Amino acid sequence: MEQKLRVGILGATGMVGQRFISLLENHPWFEVVTVAASPRSAGKSYEEAVGDRWKMDTPMPEAVKKLTVLNVNEVEKVASTVDFVFSAVDMTKEEIKAIEEEYAKTETPVVSNNSAHRWTPDVPMVIPEINVEHFDVIEAQKKRLGTTRGFIAVKPNCSIQSYAPCLAAWKEFGPKEVVATTYQAISGAGKTFKDWPEMVENIIPYIGGEEEKSEQEPLRVLGKVENGEIVKAQLPKITCQCIRVPVLNGHTAAVFINFEKKPTKEELIEKLVSYKGFPQEAELPSAPKQFIQYLEEDNRPQVKADVDYENGMGISIGRLREDSMFDYKFVGLSHNTVRGAAGGAVLCAETLTAKKYIQAK
Ligand SMILES: N[C@@H](CC=O)C(=O)O
């Protein structure tokens, strides 16, 4: 790319905003030129606005430290400085819906980590290896919004990333019923152990709204485009329990599954490790070379050993075995703030750029 695209981060001071900033440091196509946040941060330097709340393992990139934080509500002003934005704003669902549409209407593409637009019929919700064709609905969305280049695209919830890729890889065997339990890291709630000491040696069996997302969102990802809208898949039926566990990064899922046509274990593993999509074919900058790894050891995947597989963009699966009540059971692991949040959104933006939906203004 001759000239990098100018990127804005909406909600830049929160944990997902920080993850965007650290993932985009030295990105070959994108350069963070604008950081926007709530009015109380506006006018401060990014370094000052974040203060001691920098939660990444790597230091704050020098290039953003001195950027002046803009007020995210001053939509025209923010939009005039960038080619597109990543959204990680922290507002009510209705406010997020409205502000993301406002940005799109300034002809600024919005790639969002938020759940607000995940069920808007003409907004694509994409895991680029699985359902890149869902970006086709952008044309219908632009007609509705009255834009020529502004639109919203979203990525799905972090909790589904440890098992939804398997459902896609195993599509030809007809996944019919899924029972999943997710064990979710505290960074999914935007926290570290320092700001959530109650989580040390603790488990909380409730994450607001998470079970519905974990049951429904895979169906939208596995759905199809019809008349400019996404129509969700009917199968598999999914039931899910979501548990908060004392882990910093990494969502694990323990899953039971029934198929229309029961495959062999070897067939299932072969489908997982050979599964790839547009990001691998186009060799996008953030694409994992191997999207899904299968680990043979009985004690894998483990958070400490495997969460950073493929720089946090790959999925680790293990313990696939026959079950006495279901056809099979297995365990999956993904990095919730990389593949499951900012990294998944960056891969969507790279896909949208490669497909010319995002271009310099
Ligand atoms: N809601 C999730 C974060 C996913 O995007 C969580 O709480 O872990």
Side-chain angles (χ1 to χ4, degrees), residues 9-20 22-23 55-56 86-93 96-97 100 110-120 123-128 130 152-165 180-193 195-196 198-200 202-221 238 240-255 301 303 307 312-313 315 331-349:
I9 312 291
L10 312 181
T13 54
M15 196 176 215
V16 177
Q18 293 179 20
R19 181 65 78 182
F20 274 120
S22 57
L23 287 178
K55 295 179 182 181
M56 302 296 105
F86 288 108
S87 172
V89 286
D90 184 14
M91 298 174 176
T92 67
K93 198 167 173 172
I96 294 172
K97 269 189 167 171
E100 289 185 347
V110 178
V111 182
S112 180
N113 183 60
N114 296 305
S115 64
H117 274 295
R118 288 191 192 146
W119 290 93
T120 305
V123 171
M125 178 170 79
V126 170
I127 296 176
I130 300 179
I152 302 162
V154 301
K155 52 149 285 296
N157 203 51
C158 52
S159 59
I160 76 166
Q161 318 272 343
S162 312
Y163 57 94
T181 304
T182 61
Y183 302 89
Q184 299 190 203
I186 62 172
S187 57
K191 307 275 198 211
T192 61
F193 286 108
D195 20 70
W196 203 0
E198 299 80 5
M199 274 310 298
V200 176
N202 198 9
I203 277 183
I204 297 181
Y206 175 72
I207 304 174
E210 202 72 352
E211 294 180 351
E212 191 189 3
K213 289 176 190 166
S214 305
E215 291 168 357
Q216 291 300 316
E217 290 188 13
L219 299 176
R220 191 162 199 255
V221 172
I238 303 174
C240 195
Q241 293 200 77
C242 297
I243 318 274
R244 187 73 71 198
V245 296
V247 160
L248 180 60
N249 290 311
H251 285 0
T252 299
V255 184
V303 170
V307 73
M313 290 297 285
I315 311 295
V331 175
L333 169 70
S334 63
H335 196 305
N336 55 299
T337 67
V338 183
R339 168 58 76 165
V346 170
L347 193 60
C348 282

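We count ligands from 1, going down the list as the structure has it; atoms in each ligand are counted the same way. Throughout, numbering of the chain's residues begins at 1 and tracks the sequence. Bear in mind the structure is a predicted one, so any value in this text is a computation, not a measurement.
Residue Gln216 places its CD atom among more than 12 non-hydrogen atoms of other residues, nucleotides or ligands, all under 6.0 Å distant. Within 6.0 Å of atom CD in Glu212, 12 or fewer heavy atoms from other residues, nucleotides or ligands are found, so the atom counts as exposed in its surroundings.
Pairs of residues two or more places apart, or lying in two chains, that qualify as salt bridge (charged side-chain N to carboxylate O under 4.0 Å, His left out) and include a residue from residues 334-348 are Glu129-Arg339.
Remark: distances from the non-hydrogen atoms of His251 to ligand 1 include one below 4.0 Å. Residue-ligand proximity: Asn336 is placed with every non-hydrogen atom at 4.0 Å or more from ligand 1.
Side-chain N or O atoms of Asp195 include none that pairs as donor or acceptor with a backbone N or O of Lys191 at under 3.5 Å.
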- Item | side chain to side chain contact (heavy atoms under 4.5 Å, CB included) assessment of Met56 paired with Met15 | CA-CA 8 Å; Met56 302 296 105; Met15 196 176 215; 4.1 Å; yes
- Go through Phe86 and Val110 one step at a time and tell me if the side chain to side chain contact (heavy atoms under 4.5 Å, CB included) criterion holds. CA-CA 6 Å; Phe86 288 108; Val110 178; over 6 Å; no
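Listed by atom number, the atoms of ligand 1 under 4.0 Å from Ile207 heavy atoms are 7 (O). If you number the atoms of ligand 1 from 1 as listed, the ones under 4.0 Å from a heavy atom of Gln184 come out as 2 (C), 6 (C), 8 (O). Atoms of ligand 1 lying under 4.0 Å from at least one heavy atom of Cys158, given by number and element, are 2 (C), 3 (C), 4 (C), 5 (O), 8 (O).
Of all protein heavy atoms, the one closest to atom 1 (N) of ligand 1 is Glu210 OE1, 3.0 Å.
Some N or O of Arg244 is nearer than 3.5 Å to an N or O of ligand 1, by distance alone.
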